[in-house]
Amino acid sequence: MAPHVPGRWNDVVRAAGLVADDGAVRATVFAEMSALAARTGAINLGQGFPDVDGPAHVAEAAVAAIRAGRNQYPPGPGVPALRQAVAAHQGRHYGLDVDPETEVLVTVGATEALAAAVLALAGPGDEVVTLEPYYDSYAAVVAMAGATHVTVPLVRTDGAGYRLDAAAFRAAVGPRTRVVLLNTPHNPTGAVLDPAELEVVAAAAREHDVVVITDEVYEHLTYDDARHVPLATLPGMAERTLTVSSAGKTLSFTGWKVGWVTGPAALVDAVRAVKQYLTYVGSGPFQHAVADALTDDDGRTGAWMADLVASLERRRDLLCEGLVSAGFDVVVPQGTYFVVADGRPLGFDDGAELCARLPELAGVVGVPVSAFCRAGTPAAEEFRSAVRFTFVKQEDVLVEGVRRLGGMRPR
Ligand SMILES: *Cc1c(COP(=O)(O)O)cnc(C)c1O
């Protein structure tokens, strides 16, 4: 008999839905679907990373930083130039007043910022509220903290896409709630929460004295008239909000893992207390390159970002129109890299089953939205037949993907 491997990882894999009926631990759906794509030669519209690099001059800045010998441990809170660039960015884009000395912490991607924040602020007996569907690391870090994960479903509306269920949100936040972990622009639905929705979150947080951690990694990737509003800009919220973002999505350098968290000094201190014993520091030379890029987001880098957004908007339309022609029921996203498409009109009630068969049916790979839900919740039911596709792939890849999907027959 295999030895029992003790520890909290057992809770983590259970929370992430990775324990099979026979007790074995499965790979994540993202790994499984990417392996399926590689094995079958299908077009991978599952995992959301760009297939074109970010701006060449920013890559050159990283090379220059390495050549200039910036290769030892950077300061624990992050290199000063990057902390200043992040603070200036928050001021310039959102009117937020952030002190680069005490209110910014550089992390190993947004992922580490989110993990360190949850570990710092929640523990056994505490509840952490998130939207559902949720980014997969949320359930895992809540389990690492030993806290309880409470979810609030996003609901589909007539004409306005997926929206916050305000009544459900108010009901979910209570005396045990320690943290709300919010994500807007939202992966996977592409919803961008509007000021009225944000005020529902803010009111509940103020009433119950809750800290809100906001995952804003898609802050610059919004389309049409949608604009990202940081929760910290709402009345009374700067003092109780930790705002998390990173360079990965904004600059198309997801492998650099340069992230940051901003907020009141006492909360940032709490996150740093944990972060310094997770990784201490990371991504030294890349921090310098990202500092240059953020400082230049109204210059050459800003022009590159504007082109990226315009191009992503076109690619979103290409994919959405193709999915509709193929027979999917599509909610057009307001932001992010992703679109959620419902396979029910094609005769598929189960998105996981559809994704397992898509390579054979169409030569395309997607990710079932059930991977972003907890089994048995109202959201899991609502999103049962939904599939997430990414449009952060080159146009010719999307054209071919759409052509293939168009050949699918309803069953
Ligand atoms: C990609 C992604 C992250 C991870 O960001 P990193 O900076 O790569 O760690 C976090 N949250 C959401 C919603 C994402 O889509």
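Along the sequence shown, the residues carry numbers beginning at 1. For ligands, and for the atoms within them, numbers begin at 1 and follow the listed sequence.
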Could you check Arg156 against Glu382 for salt bridge (Lys or Arg N to Asp or Glu O under 4.0 Å), going step by step and ending with a plain yes or no? CA-CA 9 Å; Arg156 181 147 176 200; Glu382 160 134 9; over 6 Å; no

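Between Tyr134 and Tyr138, the ring-plane angle classifies as parallel under the 30° and 60° cut-offs.
The shortest contact between atom 8 (O) of ligand 1 and any protein heavy atom is with Lys257 NZ, 3.3 Å. Asp215 OD2, 3.4 Å is the protein heavy atom nearest to atom 12 (C) of ligand 1. What sits closest to atom 5 (O) of ligand 1 on the protein, heavy atoms only, is Ala110 CB, 3.6 Å. Closest protein heavy atom to atom 2 (C) of ligand 1: Lys249 NZ, 2.6 Å. When hydrogens are left out, the protein atom nearest atom 15 (O) of ligand 1 is Tyr218 OH, 2.7 Å; that is the closest non-hydrogen contact. Of the protein's non-hydrogen atoms, Thr111 OG1, 2.6 Å is the one closest to atom 9 (O) of ligand 1.
Without hydrogens or angle criteria, Arg170 side chain to Ala204 main chain gives no donor-acceptor distance under 3.5 Å.
The atoms of ligand 1 that sit less than 4.0 Å from any heavy atom of Asn183 are 13 (C). Within ligand 1, counting atoms from 1 as listed, the ones closer than 4.0 Å to a heavy atom of Val217 are 2 (C), 11 (N), 12 (C), 14 (C).
Side-chain atoms of Gln90 and Thr243 form no donor-acceptor pair, as typed in the model, at a separation below 3.5 Å. Under 3.5 Å, the side chains of His220 and Asp297 contain no donor-acceptor pair of N or O atoms. Under the 3.5 Å distance criterion, with hydrogens and angles disregarded, a donor-acceptor pair is assigned to the side chains of Asn44 and Ser34.
For the ligand labelled ligand 1, residue Gly248 lies outside the 4.0 Å heavy-atom shell. In this structure, Tyr337 falls outside the shell of residues with a heavy atom less than 4.0 angstrom from ligand 1.
Contacts between Val258 and ligand 1 below 4.0 angstrom, taking non-hydrogen atoms only, are absent altogether.
Of the candidates Leu242, Val106, Ile213, Val261 forms a side-chain contact (heavy atoms from CB on, under 4.5 Å) with just one, namely Leu242.
To the nearest 0.5 angstrom, Arg315 atom CZ is 9.0 Å from Tyr337 atom OH.
Between Asn187 and ligand 1, at least one N/O pair is under 3.5 Å apart. In terms of polar-atom proximity, Ser246 is counted as a contact of ligand 1, with an N or O under 3.5 Å from an N or O of the ligand.
Atom CZ of Arg26 has more than 12 neighbouring heavy atoms from other residues, nucleotides or ligands inside a 6.0 Å radius.
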